[in-house]
Number of protein chains: 2
Amino acid sequence: MTLSKYTKMLTKKSTSKTLSENISVDCVVFGFDGNELHVLLIDREDEMKNVASAYALPGNLIYDHEDLNQAAERVLNELTGLTNIYLEQFGAFGNPNRIKKKEDQPWLKAVRTNPNARVVTIAYYALIRMSDFKLNPSSFAKEATWVPLKDIAHLPFDHFDILNQSVNYLRNNTKIRPVGYNLLPEKFTLNEMQKLYEAIFNKKIDNRNFRRKIINLEVLNKLDEKQEGVAHKPAIYYQFNKEKYHSYIEKGFFKFEF
Amino acid sequence: MTLSKYTKMLTKKSTSKTLSENISVDCVVFGFDGNELHVLLIDREDEMKNVASAYALPGNLIYDHEDLNQAAERVLNELTGLTNIYLEQFGAFGNPNRIKKKEDQPWLKAVRTNPNARVVTIAYYALIRMSDFKLNPSSFAKEATWVPLKDIAHLPFDHFDILNQSVNYLRNNTKIRPVGYNLLPEKFTLNEMQKLYEAIFNKKIDNRNFRRKIINLEVLNKLDEKQEGVAHKPAIYYQFNKEKYHSYIEKGFFKFEF
DNA sequence: GCAAAAGTGTTTTGCCTACACCCATGT
DNA sequence: ACATGGGTGTAGGCAAAACACTTTTGC
C-alpha cells in the first residue's frame with residue numbers, strides 16, 4: 001500500500017468532517033495466543049526502509065466532532081479492521097517534542113497535512129483474542145501485525161513510552177480487577193486463564209493457589225463441559241459471570257482498605 | 001476583577017506564544033484543613049450572576065509549545081498564585097459537547113478567542129496544604145476559594161464529572177500508595193494523618209489499626225519531637241521517609257499479588 | 001501402560017478486625 | 001483533680017504462600 005492510499009484510507013469515512021490538527025489517539029492492543037502477550041502494530045516497512053522502528057502503534061488524528069473513545073475505535077478500525085473493541089483510556093501524552101524526532105519526519109510529512117503541528121495524543125488500550133484478528137484477514141492484514149511484546153525494542157515517536165506505560169497500567173489493573181473477558185475465548189479452562197496471568201505478570205504462578213484465589217472471587221461459572229479429544233485428563237470449561245465481573249470491574253477487589 | 005483583566009492575566013506570561021485552540025488543562029486541587037477535604041475553585045460570581053455554577057475548576061488552554069504538566073502548573077499558578085505544586089494527570093475528557101451547554105456560553109465568549117472550538121481537556125489533581133494557599137493571600141485570593149468537597153453540587157462544563165473522577169482516583173490511589181506528603185505539614189502526628197485518611201474515605205477508622213498499618217509500612221520516620229503547649233498528652237511528630245515513600249509511589253503496596 | 005496435563009489439601013505465617021483502658025499534659 | 005486527646009495490646013479469623021501427589025484421558 002502506498003502512502004497516498006494510506007492517507008486516503010484514514011479519511012475515507014468522513015470526508016465532510018475535519019481532522020483536528022492537534023489531537024490524536026493511539027491504541028495499544030494486546031492479544032494473547034495462549035502463551036505470550038502480543039501487541040498489534042502497524043507495519044510501515046514498505047515506506048520506512050532501513051528504519052529500526054518501522055512498526056508503530058495504530059493511531060491517528062481525531063475528527064473535530066468526535067468523542068475520544070469513538071475516535072479510538074474508528075482509528076483502530078480503519079487501521080486494522082477491528083470492530084467492537086472495548087478500549088480503555090490510560091493517559092494523555094503531550095510532550096511538545098514527542099513527534100519532532102528527525103527519523104519520524106518523513107512519515108509525518110507523507111501522512112499529515114500539517115506535519116509540524118503540535119499533537120497531544122490520548123492513549124487507549126484494549127485486550128482482544130488474537131484469533132479475532134487472525135480469522136478476519138482483510139486487506140489490513142498486511143499492514144497490521146502481531147508482535148510479541150518482549151520483541152519490541154523501538155517504536156517511533158513516543159510510542160515506546162506509551163507502550164511501557166500501557167503494560168504497567170495493564171499489570172496494575174490486573175491486580176485489582178479480573179482480566180480476561182475480552183482476551184480469553186468465551187469458554188476457557190482455569191489453566192488457560194492462569195497462563196494469561198503468567199503472561200501479563202511475566203512470572204510463574206502456583207496453580208493450586210491461583211485456582212483457589214480465582215474460584216474464591218466467584219467471578220467464574222463452572223460449565224458442564226469438558227475438553228474433548230485431548231490426550232490427557234480433560235479440563236473443565238469456565239466462563240465469566242457477567243454480573244460479578246462487572247461489579248469487580250467497577251469496585252475492584254482491594255485488600256488494603258480501612 | 002473584570003473579564004478582560006482575567007483574559008489578560010491568563011496570557012500575560014507568554015505574550016509571544018500562541019494558545020492552542022483545542023487543548024486545555026483542568027486542575028482539581030484538594031486541600032485538607034485538618035478535618036475535611038476542600039477543593040480550590042475559581043469564583044466567577046462577579047461575571048456569572050444567578051448562575052448555579054459560578055464556581056469552576058481552575059483550568060485553561062495550553063500553549064502550543066508547552067508540556068502538559070507545565071501547562072497545568074502554569075495555569076494553576078496564573079489562576080491561584082500557587083507555585084511548585086505536584087500535579088498528577090488522571091484523565092483526558094473529550095466529549096465533543098463538553099463545553100456546549102447554553103449556560104456556559106457567555107463565559108466562553110468572554111474568555112476565549114474562539115469560543116466554539118472543540119476543546120479536549122487533560123485533567124490533573126493535586127494535594128496541597130490549605131495553609132499554603134491561605135498564608136499567601138495574593139490578588140488571586142478573591143478569585144480562588146476553597147469549597148468543602150461535600151458542598152459542591154454543580155460545576156460548569158463537565159467539571160463536576162471531572163471532580164467526581166478525581167475523587168475516585170484519589171481514593172483508589174490512597175488504597176495502594178501512601179498519601180499525604182503534599183497535603184500534610186512536613187511534621188505531623190499520626191492522628192493528623194488518620195484524620196486525612198478519614199476525610200479521603202469519608203469514614204471513621206480505628207486508630208489502633210490505622211497506626212499499626214501505617215507504622216508497618218515503614219514509610220514514616222518517628223521524630224524526637226512532641227507537640228508543645230497542648231492541654232493533653234503531647235503527640236509525637238512524624239515525617240515521611242522519602243526513599244520509602246517514593247518507592248511505594250512507584251510500586252504501590254498491593255496485596256493482591258501472584 | 002505410559003505420557004501429558006488436570007486437579008486437589010494441608011500447614012504455616014502474617015495481616016485484618018474488633019475491641020477498652022491508661023498516659024501525659026495544661027488549667 | 002479533671003478534662004483532653006495520645007497512645008497501647010490481644011485474640012480470632014481469614015487469606016497468602018509453600019509445597020507433591022493422584023486422576024483422567026488418548027494413544
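Naming: A, B, ... by sequence-line order, numbering from 1 per chain. Only this structure's heavy atoms are used, side chains among them; waters, hydrogens and symmetry mates stay out.
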Rounded to whole angstroms, how far apart are CD on B/Glu225 and P on C/dA24?
19 Å
Are B/Tyr125 and B/Tyr169 an aromatic pair by the rule of ring centers under 6.0 Å?
yes
Considering only NZ, NE, NH1 and NH2 on the basic side and carboxylate oxygens on the acidic side, decide whether B/Asp26 and B/Arg98 come within less than 4.0 Å.
yes
For B/Glu228 and A/Ala235, take the nucleotide of DNA chain C holding the closest heavy atom to each; which residue's nucleotide lies nearer the 5' end?
A/Ala235
So what does B/Ile236 touch, heavy atoms closer than 4.0 Å: a base, only the sugar-phosphate, or nothing?
sugar-phosphate
Please determine, for the side chain of B/Arg212, which listed nucleotide (C/dG9, C/dT17, C/dA6) has the closest atom?
C/dT17
Sugar-phosphate only, base, or nothing, as touched by A/Asp206 at under 4.0 Å among non-hydrogen atoms
base
Does B/Asn241 use its side chain to pair, donor to acceptor, with the backbone of B/Lys244 at less than 3.5 Å?
yes
How close or far is atom C1' of D/dT8 from atom CG of B/Asn191, stated in whole angstroms?
12 Å
Once you round it to whole Å, what is the distance between P of D/dG9 and CD1 of B/Ile215?
13 Å
Expressed in angstrom and rounded to an integer, what is the separation of B/Lys175 atom NZ from C/dC16 atom P?
15 Å
Salt-bridged, A/Glu198 to A/Lys204, with N to O below 4.0 Å?
yes
May I ask you to decide if the ring planes of A/Phe240 and A/Tyr245 are parallel, tilted or perpendicular, using 30° and 60° as cut-offs?
perpendicular
Please state how far atom CD1 in A/Ile214 lies from atom C1' in D/dA16, giving the value in whole angstrom units.
14 Å
Per A/Arg211 side chain, nearest of listed nucleotides D/dG6, D/dT25, C/dA6:
C/dA6
Which part of the nucleic acid, if any, lies within reach of A/Asn216 when heavy atoms closer than 4.0 Å are counted: base, sugar-phosphate only, or nothing?
nothing
Donor/acceptor link under 3.5 angstrom from A/Asn209 side chain onto base of D/dA18
yes
Rounded to whole Å, the NZ-C1' distance (A/Lys233 to D/dT24) equals 6 Å
hbond_proxy B/Arg208 side chain to C/dA20 base (donor-acceptor, 3.5 Å cutoff):
yes
Can you tell me if A/Gln239 uses its side chain to pair, donor with acceptor, with the backbone of A/Asn221 under 3.5 Å?
no
Checking contacts here: which listed nucleotide (D/dT4, D/dT23, D/dA17) is nearest the side-chain heavy atoms of A/Lys213?
D/dA17
For A/Asn207 and C/dA4, what is the distance between atoms CG and P respectively, to the nearest whole Å?
18 Å
Is the A/Phe90 to A/Tyr124 ring centre distance short of 6.0 Å?
no
With each end axis built from five pairs of C1' atoms, what bend angle do you get for the helix from C/dG1-D/dC27 to C/dC15-D/dG13? Round to 10°.
30°
Rounded off to whole Å, could you give me the NZ-to-P distance for the B/Lys195 and D/dG7 pair?
13 Å
